[in-house]
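Report on one structure; see the data block that follows.
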2 protein chains.
Amino acid sequence: MFDRQSPVPMYYQIEQYIEQLIENKNLQAGDQIPSERELTDHFHVSRMTVRQAIMELVNAGILVRIKGKGTFVANHYKIEKNLLGLDGFSEDMIRRGMTPGSQILDFSRTLPSSNVSKHLGLKTSEEVFEIKRVRLANDEPIGIEISYLPVRVFPELTEKKADPSLYQYIEKECGLKIHHAEQSLEASLVTNEEAEILKIPNGSPLLLIERCSFLESGQPIEQTLSLFRADRYKFTITLPRG
Amino acid sequence: MFDRQSPVPMYYQIEQYIEQLIENKNLQAGDQIPSERELTDHFHVSRMTVRQAIMELVNAGILVRIKGKGTFVANHYKIEKNLLGLDGFSEDMIRRGMTPGSQILDFSRTLPSSNVSKHLGLKTSEEVFEIKRVRLANDEPIGIEISYLPVRVFPELTEKKADPSLYQYIEKECGLKIHHAEQSLEASLVTNEEAEILKIPNGSPLLLIERCSFLESGQPIEQTLSLFRADRYKFTITLPRG
DNA sequence: CATATATAGTTGTCTAGACATCTATATATA
DNA sequence: TATATATAGATGTCTAGACAACTATATATG
């Protein structure tokens, strides 16, 4: 179970051991974990090594230290860990327990609007791929998504690769790591064309989400406009205070 | 500047020193900070002490360590620090550069609906304060807010204390610390009554935000339903990936 | 009984090293 | 010239202690 010869550092092995105690419910929220001295004896490592393991779990919001008393399992460690989720559509639907689906309406290579080129930081002559899709949840239309990606960044992009999951293509196939996204949410009304695609009455409300994704370097690499049926889609999020 | 006799631990003094280098632009995003060895010599402390200072700044998203190369100022440390904001209405408006305002439509003490009592974890007989307000931005109506607070938790609440900032009352006057909130956002249409209050046409879209605030203990203490004019209010947020 | 005081156990801070691993550069070799 | 090899310098992991500060309990004292 614990291997001093392993390339996996001891502090990390201890970290995983404590996390497993919590997962297995051997330790529950509010419980005190073994003291640093006890862990030192158990694993035959120095106290600083034990402290490194505990420190990482504290930083992850899983443990809470109280000076003079001990170290305890945090009350809300799941919230801290699973705070929110910058998800693509497919991930989002799976998290909601639904089956995601997709139908491509349009895949083309064009010059972007000024709004899109501004968000993506492109020169006026730079082309983008535009992907317009109907998004399905359990085979029913739930929203329309229009995504824009710079051709320069994704020269190999094809219709097949882009669907169903753009995030998967970007992260798995291109090896790019999305760092964060800026999102805005607002309410709107369907146009006639959109109403027909989504099979809802004219004048129905829509939740309009605009998302721009960035790499760690700060370079924007994707913009997506999503139009969700208000009767089928609600955006939820847990926000920390302060 | 640096005091070994101070009760402020050395690692924290070093932490503040590095943070100030960044604030003063002596170090900019992407710059390499002095190596652990250099800081050890500079402050006459052991390397583990320097490492603790750096570790904390890394965990705060301010620094990035690269093995074999060095430690660098993160590109987006402001995003990490200022990720989002669980704001009350007043704070939100100020952040947007507008002047918040408020008109109370109703302040009463009632039995809550089943939806509210479920969210607040109340027994069927427990009363709540209900506060209904028109929210103004630069003196124009921008939304309607209906807040619910358990009487048991806030027995002293009055109309005056609740307005204009409920969060301020909870945190400053009651000394309770809001830990996080669960929020949902969806699109909707105004009712006739709401349209009149907000001075917008019938059938206009609204952004409907439901918020439930919790203490660190997990106890829910406040629920607020907000109805914002879609033409005046857009919800923005920066989400980290992974 | 109530109040100090000692004591044990916990986390907090810090030391002065050690060897490993990774990056980048300079140097020697084919 | 191109390819190995050595080297310097950086972070990564770890040790075996030390004393300080805080909490809670047990004990002695008034």
Side-chain angles (χ1 to χ4, degrees), chain A residues 1-19 21-22 27 30-75 77 216-217, chain B residues 1-19 21-22 27 30-75 77:
Chain A
M1 191 76 192
F2 301 100
D3 184 358
R4 295 191 77 85
Q5 264 57 51
S6 162
V8 178
M10 283 308 293
Y11 77 86
Y12 191 70
Q13 294 185 40
I14 296 170
E15 217 178 304
Q16 289 181 314
Y17 166 77
I18 296 172
E19 261 193 299
L21 287 182
I22 298 171
L27 285 175
D31 287 357
Q32 183 168 10
I33 72 164
S35 74
E36 294 176 355
R37 168 68 198 274
E38 286 172 319
L39 291 169
T40 292
D41 291 349
H42 187 314
F43 291 104
H44 306 296
V45 296
S46 78
R47 191 173 152 225
M48 289 303 276
T49 303
V50 166
R51 280 180 67 77
Q52 182 166 2
I54 292 174
M55 173 114 34
E56 300 227 341
L57 293 171
V58 168
N59 285 325
I62 295 169
L63 298 180
V64 176
R65 316 186 81 147
I66 302 180
K67 184 164 160 179
K69 289 190 71 174
T71 305
F72 302 83
V73 179
N75 287 101
Y77 81 100
E216 204 280 332
S217 65
Chain B
M1 191 73 193
F2 301 100
D3 184 358
R4 296 191 76 86
Q5 263 58 48
S6 162
V8 177
M10 284 306 294
Y11 77 86
Y12 191 69
Q13 294 185 39
I14 296 170
E15 217 179 304
Q16 289 181 314
Y17 167 77
I18 295 172
E19 260 193 298
L21 287 182
I22 298 172
L27 285 175
D31 286 358
Q32 183 168 9
I33 72 164
S35 72
E36 295 176 356
R37 169 68 197 276
E38 286 170 320
L39 291 169
T40 292
D41 292 348
H42 188 310
F43 291 103
H44 307 295
V45 296
S46 78
R47 193 174 150 223
M48 288 302 276
T49 303
V50 166
R51 281 180 66 77
Q52 182 167 2
I54 292 175
M55 175 114 35
E56 300 226 342
L57 293 172
V58 168
N59 285 325
I62 295 169
L63 298 180
V64 176
R65 316 186 81 147
I66 301 179
K67 183 163 163 180
K69 289 189 73 174
T71 305
F72 302 83
V73 179
N75 286 101
Y77 82 99

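Just so it is clear, the values below take in all heavy atoms, side chains as well, and ignore hydrogens, waters and symmetry mates. Per chain, numbering begins at 1; letters A, B, ... match sequence-line order. Note that this is a predicted model, so its numbers are computed, not measured.
Counting all heavy atoms, side chain and backbone alike, A:Tyr11 lies closest to A:Ala53 at O-CB, 3.2 Å. Considering all non-hydrogen atoms of both residues, A:Ile62 and A:Glu19 come closest at CD1-OE2, 3.5 Å. Of all heavy-atom pairs between B:Leu63 and B:Val73, the closest is CD2-CA, 4.0 Å.
Within the model, atoms OG1 of A:Thr71 and CZ of A:Arg51 stand 8.5 Å from one another, a figure rounded to the nearest 0.5 Å. Residue A:His42 holds its NE2 atom at 12.0 Å from OG of A:Ser35, rounded to the nearest 0.5 Å.
Using a 4.0 Å cut-off, some side-chain N or O of B:Lys69 falls inside it from OP1 or OP2 of C:dA24. Regarding contacts with the backbone of C:dT10, every side-chain N or O of A:Thr71 stays at 4.0 angstrom or more from both OP1 and OP2.
Straight-line distance from the CE atom of A:Met55 to the P atom of D:dT13: 13 Å, rounded to whole Å. Regarding A:Glu38, its CD atom lies at a distance of 13 Å from the C1' atom of C:dT11, rounded to whole Å. What separates CG of A:Leu39 from P of C:dT10 is a distance of 11 Å, to the nearest Å. Following rounding to the nearest Å, A:Phe43 (CZ) and D:dT13 (P) show an atom-to-atom distance of 17 Å.
Every pair tested for salt bridge (Lys or Arg N to Asp or Glu O under 4.0 Å) that includes a residue from residues 7-16 of chain B fails, sequence neighbours excluded, so the list is empty.
Around atom CZ of A:Phe2, more than 12 heavy atoms belonging to other residues, nucleotides or ligands sit under 6.0 Å away.
Using cut-offs of 30° and 60° for the angle between ring planes, the A:Tyr17 and A:Phe43 rings count as perpendicular.
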Walk along nucleotides 12-19 of chain C from 5' to 3' and tag each nucleotide B, S or - by protein heavy-atom contact under 4.0 Å, base first, then sugar-phosphate.
BBBBB-B-
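Between the two ends of the helix from C:dC1-D:dG30 to C:dA30-D:dT1, each summarised by a five-pair axis, the helix axis turns through 10° (rounded to 10 degrees).
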